[in-house]
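Have a look at the structure below, then the notes.
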Amino acid sequence: MLDIKALRENPQILREVLSKRNMENPWKNDSMELNVESFFALQNQYLKLIQEIENLRTRKNKIAEEFGLRKKKGEDTATLSQETETLKKNLALLEEEFSKIDKKFLEATLRIPNLPHASVPPGKTANENVVLRQSPEIPELSSSAREHWEIGKNLNILDFEAAGKISGARFSLLKGKGAQLERALIAFMLDVHTREHGYTEIFAPFLVTAQSMQGTGQLPKFEEDLFKLERDGLYLIPTAEVSITNLHRDEILEESSLPKKYVSYSACFRREAGSYGKDTKGLIRNHQFNKIELVWVTTPKTSFEDLELLTRHAEAILKKLEIPYRVVALCGGDLGFAAAKTYDLEVWMPGEKKWREISSCSLFTDFQARRMNIKYKNLQGKKELVHTLNGSGVAVGRLFASILENYQEKDGSVKIPKALRPYLQMETIEK
RNA sequence: GGAGGCGUGGCCGAGCGGUUGAAGGCGCUGGUCUUGAAAACCAGUAUCCCGUUACAGGGAUCGAAGGUUCGAAUCCUUCCGCCUCCGCCA
């Protein structure tokens, strides 16, 4: 969330957030009946109430103190008890009102997105994203190149009918060499990031509490996108970002221990509400998919450079596997809720003839840290909020699909990228 | 799942109804001493919020939420987490 105090002192910040994101009213779809004006009015109401309450509490505390003194001296305390009684009644009324306002104000604040950084390109939609760099060669595959779901089906390594029978739409099932390829990709990426990029590997829970979801920003605004276990009050993670970033919730870290760099494999679960009919085929948009996630906890001093490094780490996977890709800077209108800046990695899908997002690398500045109360003690001993970053390093299912499409041969077989061969002990997948 | 124990500041740990935001220690910061460092000694050192140009001042916080009381870290209830023993289990 944003710094409430800064927001009050400079309401322009909120307008800036909205204009950069091409957003009129952050509460529009939240049935909160708020707008920018009423938000600030709410905040004033909040301040007025808290001041009134604190005045009453001051008096109440004074009376209690006085009571003790009088009791000691054996003096009369009846008038004091009386005054407290009326005081408590008034307080109860105000406090009840306050708790409503407080809750509403917090809810409203948690739903304001992060402020896009000055370097984020302006724009309303994904069409205005800016391509920063692109792998030099996009191999010419014949126009008869097939889509990955067809290739996978023909090779008997992908079975969407079986997945549908077991779990319904938007699930996938890998068989034989397909399952092995998936496993090899996971191991390969974890190895690259731990051995070559200095990440610490974590394997964390896939089920998390509502508080964890609030910490990284999925809640309260995006409840509809999540799978929830009602009975236990737990949610399935849509990304390992949630588990890993919350690792340090309510902690104060030493500056010398930063940056912390974590890599984690996890299954990810997304309801994909509102994307009916979109990408219904193949591995692109499933309810469950595997992902390797990179997470940094760092200081504001280096976070923008850190985003460049993290992005390069994700790119390294695609370079090693020799898959054509490009790096795109998201424009303000396309930026995710918690992000201040994001680079997407997109791979070329010769079968689909489309660029497909395979990684999203973002800097969240102190937006998540404030929600999670993660601080660090700087070298002068002062406590400051950390900056958090994360990025896919990379999405396994989409990587799987891009390998099938980019490494397909005319006879329908698929070559295994050289970098992956030590993990698979085979050179091609054929019928 | 059953029985018992425990949750206090960055960490360890005292406090078990009144000026206790909390002893003591460790750690950290500054100082004295030293060529320098260590040791020793002295001083300072929670967070959030309101308020102030800045001070001052005020409020909240001892796992969480309620309750009792003029007054709660201390008493009561519920919940959560951790530990020990038993049961079950990959």
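Numbers restart at 1 for each chain; the letters A, B, ... are given by sequence-line order, proteins then strands. Because the structure is a prediction, the values reported are computed rather than measured.
For the pair A/Lys383 and B/U47, the criterion of a side-chain N or O lying under 4.0 Å from OP1 or OP2 is met.
Whole-Å rounding puts the A/Glu254 CD to B/C26 P distance at 18 Å. A/Glu75 has its CD atom 20 Å from the P atom of B/G18, to the nearest Å. At whole-Å resolution of the value, CZ in A/Arg8 and C1' in B/C49 are 9 Å apart. In this entry the distance linking CG of A/Asp250 with P of B/G10 reads 11 Å, nearest Å. Atom NZ in A/Lys73 sits roughly 19 Å away from atom P in B/G18 (whole-Å rounding). Between A/Leu69 atom CG and B/G18 atom P the separation is 14 Å, expressed in whole Å. We find that CZ of A/Arg371 is positioned 18 Å from C1' of B/C48, with the value rounded to whole Å. At whole-Å resolution of the value, CE in A/Met1 and P in B/C48 are 13 Å apart.
For A/Ser402, there are no side chain to side chain donor-acceptor pair (under 3.5 Å) partners two or more places apart in sequence or in a different chain. Checked against side chain to side chain donor-acceptor pair (under 3.5 Å), A/Ser392 has no partners two or more places apart in sequence or in another chain. Partners of A/Lys221 according to the side chain to side chain donor-acceptor pair (under 3.5 Å) rule, which considers only residues two or more places apart in sequence or in another chain, are A/Asp30. Residues passing the ring pair (Phe, Tyr, Trp, His ring centres under 6.0 Å) test with A/Trp27, sequence neighbours excluded: A/Phe39.
RNA chain B is contacted by both A/Ile50 and A/Ile252; A/Ile252 maps to the nucleotide lying nearer its 5′ end (nearest heavy atom per residue).
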Please list, for nucleotides 59-66 of chain B, all pairs of protein and nucleotide N/O atoms separated by less than 3.5 Å.
unit_1 : atom_1 : unit_2  : atom_2 : d
B/G59  : OP1    : A/Asn61 : ND2    : 2.9
B/G59  : O2'    : A/Arg57 : NH1    : 3.2
B/A60  : OP2    : A/Asn61 : ND2    : 3.4

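The same atom, C1', is picked in B/G59 and in B/G4; the two are 39 Å apart, to the nearest Å. B/A46 and B/C11: their C1' atoms are spaced 13 Å apart (whole Å). Taking the P atoms as reference points, B/U52 lies 16 Å from B/G57, given to the whole Å. Rounded to a whole angstrom, the distance from the C1' atom of B/A39 to that of B/G31 is 16 Å. The gap from the P atom of B/G24 to that of B/A38 amounts to 25 Å, rounded to the nearest Å. Separating the C1' atom of B/A73 from that of B/A64 is a span of 14 Å, rounded to the nearest Å. Rounded to the nearest Å, the gap between the C1' atom of B/A43 and that of B/U47 is 23 Å. When the P atom is used for both B/G15 and B/G63, the distance is 15 Å, rounded to whole Å.
Applying the ring-ring contact (aromatic ring centres under 6.0 Å, His included) test to every pair with at least one member in residues 107-126 of chain A, sequence neighbours left out, gives these pairs: A/His117-A/Phe304. Residue pairs satisfying the side-chain hydrogen bond (donor to acceptor under 3.5 Å, both in side chains) criterion with at least one member in residues 87-102 of chain A, sequence neighbours excluded, are listed as follows: A/Arg57-A/Glu95. Listed by first then second residue, pairs satisfying side-chain hydrogen bond (donor to acceptor under 3.5 Å, both in side chains) with a partner in residues 159-177 of chain A read A/Asn156-A/Lys175, A/Asp159-A/Lys175, A/Ser172-A/Asn286, not counting sequence neighbours.
B/A23: no Watson-Crick or G-U partner with both key distances under 3.5 Å is found in any strand. When both distances must be under 3.5 Å, the Watson-Crick or G-U wobble mate of B/A54 does not exist. If you check B/U34 for Watson-Crick or wobble pairing at under 3.5 angstrom, you find it has no partner at all. In this structure, B/G81 forms a base pair with B/C6, meeting either the Watson-Crick or the G-U wobble geometry with both donor-acceptor distances under 3.5 Å. In this structure, B/U29 and B/A43 make a Watson-Crick or G-U wobble pair, each of the two defining distances being under 3.5 angstrom. Base-pair partner of B/G17: not found among the strands shown (Watson-Crick or G-U wobble, both distances under 3.5 Å). B/G1 is paired with B/C86 under the criterion used here, namely a Watson-Crick or G-U wobble arrangement in which both key atom distances are under 3.5 Å. Base-pair partner of B/C48: B/G59 (Watson-Crick or G-U wobble, both distances under 3.5 Å).
Residue A/Lys415 places its NZ atom among 12 or fewer non-hydrogen atoms of other residues, nucleotides or ligands, all under 6.0 Å distant.
When each of A/Arg195, A/His193, A/Met189 is checked for a side chain to side chain contact (heavy atoms under 4.5 Å, CB included) with A/Asp191, only A/Arg195 meets the rule.
A/Tyr199 has its ring centre no less than 6.0 Å from the ring centre of A/Tyr262.
One N or O on the side chain of A/Asn154 and one on the backbone of A/Glu150 form a donor-acceptor pair closer than 3.5 Å.
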**Complete:** Going 5' to 3' through nucleotides 68-74 of chain B and flagging B where a protein heavy-atom sits under 4.0 Å of the base, S where only the sugar-phosphate is that close, and - otherwise, we get --BS---

